[in-house]
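Below is one structure, written out as structure tokens, with a few remarks after it.
Convention: sequence-line order gives letters A, B, ...; per-chain numbering from 1. Since the model is a prediction, treat every value here as computed from it, not as a measurement.
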Number of protein chains: 2
Amino acid sequence: MASRRPLYQRIADRLRADITGGELPPGSKLPSEAELAAQWETTRSTAVAGMRVLVNEGLIVADRPRGYFVRRWEPMIYRPQREFHAPEPDLDIFRQRVAEEGDGRQAGQSIEVSIANPAPDVRDRLSLSEGQLVAVRRRTRTIGEEAYNIQDSHVPLNVVQGSDWMSPEDVARGTNRVLGELGYEIVKVLDEIAVRMPTPDEVTRLSLGPGTPVAEHVATGYTMAGEPVQVTRNILPGDRHVIIYERNKRIEEG
Amino acid sequence: MASRRPLYQRIADRLRADITGGELPPGSKLPSEAELAAQWETTRSTAVAGMRVLVNEGLIVADRPRGYFVRRWEPMIYRPQREFHAPEPDLDIFRQRVAEEGDGRQAGQSIEVSIANPAPDVRDRLSLSEGQLVAVRRRTRTIGEEAYNIQDSHVPLNVVQGSDWMSPEDVARGTNRVLGELGYEIVKVLDEIAVRMPTPDEVTRLSLGPGTPVAEHVATGYTMAGEPVQVTRNILPGDRHVIIYERNKRIEEG
DNA sequence: AAGTGGTCTAGACCACGCA
DNA sequence: GCGTGGTCTAGACCACTTA
């Protein structure tokens, strides 16, 4: 019997089918909890449980007190590879996208620089000994009021102390070039991408809705000598980014 | 006042702090719902709501009727780049990992081949016209009884019809080499990685717990002539994979 | 048999934004 | 003021596993 399936899940199943099937396109309004309770001859609590399933799947959002709506999906392109070439590559895509939309929202970023004890995973990746400090460059990219992603770069303090790397402003020539000028040109990068649910801190900083996972992209930059000099952690909300790479066979085999 | 924060969230906050702070290490048992309700002088329903928060964050799992436990995190390395060189690269890592664990679980895979109408996004990426069919090679990798990831490869039917590509067995020399032998050597690959919550179908196929996001990795392979010949979609559960890339500056600029 | 989480009922009061 | 979702209470019955 299919009716062994709990009622709140059957409610969710039905609405999910309507959404993926196109009967309820992105942006459209769903029945209210009270209406659903009536339709299914149950209480509001059970209807609430059904809606919660879809919210946690990232399919719908509650816009109180207007109601539930089918979520829109408009990801931005994210290309880790480009960062080698242009100083602020995806910020360009970023601005371009907003310009295209013409909705008056401004793309921007804010930068903070500080000195800190590295987190254990950063210390590991930079092969630092206990007590060694790092400079941290924290950048938040925004569109309108909304934060789009967070990037934290970490470099051993002795490498960048007193340089432009620590300027809390946009460095036009790119911070990687600054590292090069300091004698620490990055020639190899290791990218690690993990997928997880956000921490509560990330939820507030990125104003994430429930059911929105994040990609955590950690790029470790190495010098010619094979020494790690920079660890950059990007937090990318899943509903706003697609990560893109290109690979060429001949080059990789060369 | 901090007590403006809903009670069920304060319950979740407290337990989350104990988990991330190390007081409740991975694998340890949490209080039962009844115990929590008593401790916080509320009803079980509210305690349930608190636990649901942590479950949806992927921090804990309910192992009924034993109780709630802090989730363990043991990801596998996933390297899209390796696929150019070895035929079954991460399956090796796969087997190695299981061997290391020595827990008797067998790593394996099952393969199914079929002919189908391509999904719209696959048709797009392969630049097919309406009505053109594709061959689909669907592979599920397992450890013990548990599915670890799903891979669906799509190639225009006329390219691989009658070849080994369509054999529903492990092709030792690799399916990419088969494509090469057929005159469609892949020399460039575009990787797209999206992050989202799983569909109900994926939840059952991969036996995913709640609060587990997935990475959807779509690799489109191009021939020397720049024509797309193969679209491979990998679904990677977030709790079991870390995606790794390596980039070299000199090569990329060459 | 006891204890666990899973589901469900039938209510209640609240903050919020819109008409 | 009204309808929305957000939260909460005080119960209930169930399936399942372990002791």
Original post:
For DNA chain D, which nucleotides open and close the run of contacts to chain B, 5' to 3', at under 4.0 angstrom from a non-hydrogen atom?
Top reply: D:dT7 to D:dT17
**OP:** Decide whether B:H241 and B:Y148 meet the rule of one side-chain donor and one side-chain acceptor closer than 3.5 Å.
**Re:** no
Original post:
Looking just at side-chain N and O atoms, do A:D191 and A:Y245 make a donor-acceptor pair shorter than 3.5 Å?
Top reply: yes
Original post:
Just one of A:T232, A:T175, A:N234 clears the side-chain hydrogen bond (donor to acceptor under 3.5 Å, both in side chains) bar with A:S153, so which one?
Top reply: A:T232
Original post:
Whole-Å distance between C:dC14 C1' and B:Y8 OH?
Top reply: 14 Å
Subject >> Donor-acceptor pair between A:E33 and A:Y68 side chains, under 3.5 angstrom >> reply: yes
Original post:
Distance from A:L59 atom CG to A:T20 atom OG1, nearest 0.5 Å?
Top reply: 8.0 Å
**OP:** Could you tell me which non-hydrogen atom of B:T142 sits nearest to which non-hydrogen atom of B:Q109, and how far apart they are?
**Re:** OG1-N, 4.2 Å
Original post:
How about B:H217 and B:P80: do any of their side-chain heavy atoms sit closer than 4.5 Å?
Top reply: yes
**OP:** Name every residue in residues 33-49 of chain B that has at least one heavy atom under 4.0 Å from any atom of DNA chain C, in order of residue number, or write none if there are no such residues.
**Re:** B:E33, B:R44
Subject >> Flag, side chain of B:R205 to backbone of B:P200, donor-acceptor distance under 3.5 Å >> reply: no
**OP:** Select from B:M51 and A:R66 the residue whose nearest nucleotide in DNA chain C is closer to the 5' end of that strand.
**Re:** B:M51
